[in-house]
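Here the structure is a predicted model, which means the values were calculated and not measured. Proteins come first, then strands; the chains are lettered A, B, ... in the order of their sequence lines, and each starts at number 1.
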Amino acid sequence: MDTIYFDIETSGLDPFKHRPTLFQIKRASDKTIRIFNPGKAKLGNSQKIEGIKELLESNLVVGHNLKFDLKFLRHHFNIEPTNIFDTYIAEILISGGQKARQKGAATLETVAREYTGIQLKKDQVIRQSFNGQELTQEQIQYAAMDVAVLPEIHAKQRQQLKELGLEKVFATEMSCIPATVWLELSGTPIDVEEAKKLEKETRGKLESSRLNVLTILKEAGYRNLDLEGMPAVNLDSPAKLLKALKAIGLDLASTDESTLSAMKHPAGKALKEYRKHQKLLNTFLEKLPKHINPATGRIHANFNQYGTLAGRFSCSKPNLQQLPRDKNIRALFKGNNGSKIITADYSQIELRILAEVSKEPKFIELFNSGGDLHKLTASLIFNKQLDQVSKEERNIAKTINFGLSYGMGAGGLQSNLKDNGIEISSDDARKYIDTFFKSYPKVKWYLEEAGQSAVRDNEIRNIAGRLIKYRPATNESERAAILREGKNNPIQSLNADILKGAMGRLYHKLKSFRAKLINVVHDELVFEVPGEHAETVSLIVKEEMEAAGREYLKSLPVIAEVTVGDVWQK
DNA sequence: AGTCCCTGCGCG
DNA sequence: AAAGCGCGCAGGGACT
């Protein structure tokens, strides 16, 4: 097995619109860098592509941000390397996720400078001129440099991954790259006609809710009126809105949702209604159709595999991870030509992870017996029999169960519950949290230890070995922030490892079913599958997701809940 | 016109 | 003063 250092140049960023213009290949066993123009209609070109396919699919391929290169390779040449080493992902991992946050910190230019001292030319003009025409000697030199730096970067990163004990997590990351390529090339189907309809409907609701707010202001005595005699207030400007509310005798500290919820005045409710429609329209309904790729009729979002400190994906253009749970919105994501949508999500994965890492017997026992954790917590907090727990008590317990793994305090619990229409005193909030930790002492101990070690070491690891580093605190509030992050990150990041493991498995298992991976949302995978394969695929998805979970969760079951339907749903 | 920060809010 | 974690995006507003 040889090592192939690899890079491509393209005529643009979109594999459906642009094409590869240059391959740069250096074999470890070979001194020279070979430059090849894959677009050239030359005699023997297709044999040459076949040769490159064989080369890339049967050796270790090293490159920087291989997701990009692999998308073009797969789309244009049906080349799918799986034995890969990505120096971009490696760099972020070695930094303990820090370089996911710092813009430009893990570009090839920066990494090359840091590892080899070589300053690459990333001149846009030079890049853009790779348009398939004859290349100048100078351009070829620059293109060659991008692979010339790779051997040294690769060798040094490999050493660091080993020293830091990151090889296993790195392998998970690498297995996930082909799945992410699959995801981005698949794209997400959206029903444009339905979207337009919903947009129109929402526009009407927005307008009437706007009039409602203005009318309330006017009736409350607001005097600054426009030509039509309605209050002249920009509702989208929090500053102006605060002033307007003050003018009618409402002195608020903010116009955020919890403040509006707490208002007795009808303006609060009316504004919340206005905001809801405004958000729906401006962030989603108006924007989603703009992202449809004309070549495929689908939305091909950008999935950033190492998008957060803890190793979660982030998503942009558009962000398909923040689509409203609103049924009408999710139903816009519909299978094409009668294909089915498979929605698969991990059941209470973060609480299961907390059970595993804390070794809290009551948690573990509960998950092994398939009981209701929120109910159990409620019965312990309120000192009642399980069957005596009320709905509201269970809701309070649920908020605590979720919130505690983020380091929530009494004030946080109080305001969170308030948003859900439950009012409790701060004494009660304090009491509930105390009782919670008394009931689950190992959870308390685990969270305290995790937070304190994060503050002490400026880093923490999850049980998969993933490293999360913190910038040392310079003041008390930063220290408190690291304390909270240290409690949550080992849990959140293991969720990411499990999901990435599942994606890597499913990329291989679903090859023969014409299945498309169309979305990834932290603990959820969404597929589009031809109807005749839907049942089979849903079983495979469940099995592989659970198997990925079992790699780390040994003392309790991991459950993936799978739904087959015509649209994205739970 | 482009950039930055703030407020606010969508998701897990 | 207030403090639950992690993201990306929209609009406002200040600035260049």
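Nucleic acid contact for A:N495: none, since no nucleic acid atom lies under 4.0 Å from a heavy atom of the residue. Residue contacts for A:L309: at a heavy-atom cut-off of 4.0 Å it reaches the sugar-phosphate backbone alone, with no base atom in range. As judged by a 4.0 angstrom heavy-atom cut-off over every strand, A:E350 is placed among residues making no nucleic acid contact. Residue A:K487 is out of contact with every strand shown, counting any heavy-atom pair closer than 4.0 Å. A:F402 comes within 4.0 angstrom of a nucleotide base, judged by non-hydrogen atoms across all strands. Base contact: A:Q492 has a heavy atom under 4.0 Å from a base atom.
Regarding contacts with the backbone of B:dC11, every side-chain N or O of A:R330 stays at 4.0 angstrom or more from both OP1 and OP2. Contact between the side-chain N/O atoms of A:K240 and the OP1/OP2 oxygens of C:dG13 is found at a separation under 4.0 Å. At C:dA3, none of the side-chain N or O atoms of A:R484 fall inside 4.0 Å of OP1 or OP2 (strictly under the cut-off). For A:S254, a side-chain nitrogen or oxygen approaches OP1 or OP2 of B:dG8 to under 4.0 Å. Proximity of A:T255 to the phosphate of B:dT7: no side-chain N or O atom is located under 4.0 Å from OP1 or OP2. OP1 or OP2 of B:dG10 has not a single side-chain nitrogen or oxygen of A:N319 nearer than 4.0 Å. Considering only side-chain N and O atoms, A:R479 lies nowhere under 4.0 angstrom from the phosphate OP1 or OP2 of C:dA3. Residue A:T308 places none of its side-chain N or O atoms closer than 4.0 Å to OP1 or OP2 of C:dC7. Distances shorter than 4.0 Å separate some side-chain N or O of A:K570 from OP1 or OP2 on B:dG12.
Across the protein-nucleic acid pair, A:Y274 atom OH and B:dT7 atom P stand 19 Å apart, rounded to whole Å. Between the CH2 atom of A:W568 and the C1' atom of B:dG10 there is a distance of 11 Å, rounded to whole Å. A straight line from CD1 of A:I498 to P of B:dG12 spans 18 Å, rounded to a whole angstrom. Nucleotide B:dC9 holds its P atom 13 Å from the CZ atom of A:F284, rounded to whole Å. Atom CZ in A:R312 sits roughly 13 Å away from atom P in C:dC5 (whole-Å rounding). If you measure from atom CG of A:L280 to atom P of C:dG11, you get 13 Å, rounded to the nearest angstrom. Between A:Q321 atom CD and C:dC5 atom P the separation is 19 Å, expressed in whole Å. Separating the NZ atom of A:K103 from the P atom of C:dG8 is a distance of 11 Å, rounded to the nearest angstrom.
The one candidate from A:D427, A:D428, A:D434 that meets the salt bridge (charged side-chain N to carboxylate O under 4.0 Å, His left out) condition with A:R430 is A:D434.
In this structure, A:K500 forms a cation-pi arrangement with A:F313, its terminal cationic atom sitting closer than 6.0 Å to the ring centre and no more than 45° off the ring axis. The cationic atom of A:R466 (NZ for Lys, CZ for Arg) lies less than 6.0 Å from the six-membered ring centre of A:Y306 and within 45° of the ring axis.
Of the listed nucleotides (C:dA10, C:dG12, C:dG6), C:dA10 has the atom at the smallest distance from the side chain of A:K287. Side-chain proximity of A:D236 to the nucleotides C:dC7, B:dT7, C:dG11 is greatest for C:dG11. Nearest to the side-chain atoms of A:V521 among the listed nucleotides C:dG12, B:dG12, C:dC7 stands B:dG12. Checking B:dG10, C:dG11, B:dG12 against every side-chain atom of A:Q322, the shortest atom distance belongs to B:dG10. When the nucleotides B:dG8, B:dG10, C:dC5 are ranked by their closest atom to the side chain of A:P324, B:dG10 comes out on top. Each of C:dG8, C:dG6, B:dT7 was ranked by its minimum atom distance to the side chain of A:S314; first place goes to C:dG8. Listed candidates were B:dG12, B:dG10, C:dG11. Nearest to the side chain of A:K279 is B:dG10. Listed nucleotides C:dG11, B:dC9, B:dG12 differ in distance to A:D256; the shortest reach to its side chain belongs to B:dC9. Of the candidate nucleotides B:dG8, C:dC9, C:dC5, C:dC5 has the atom nearest to the side chain of A:N488.
Straight-line distance between the C1' atoms of B:dG10 and C:dA2: roughly 24 Å, to the nearest whole Å. On the C1' atoms, C:dA1 is 23 Å away from B:dC9, given to the nearest whole Å.
The pair A:E528-A:R298 meets the salt-bridge criterion, with a side-chain N (NZ, NE, NH1 or NH2) lying under 4.0 Å from an Asp/Glu carboxylate O. In this structure, A:E199 pairs ionically with A:R203, as a charged nitrogen and a carboxylate oxygen lie closer than 4.0 Å. By the 4.0 Å N-to-carboxylate-O rule, A:R394 lies close enough to A:D372 to be salt-bridged with it. Salt bridge status for A:R550 with A:E543: present, with a side-chain N to carboxylate O gap under 4.0 Å.
Defined by atom type and a distance below 3.5 Å, a donor-acceptor pair is missing between the side-chain atoms of A:N212 and A:E273.
Where A:G307 and A:S477 each meet DNA chain C at their nearest nucleotide, the meeting point lying more 5' is that of A:S477.
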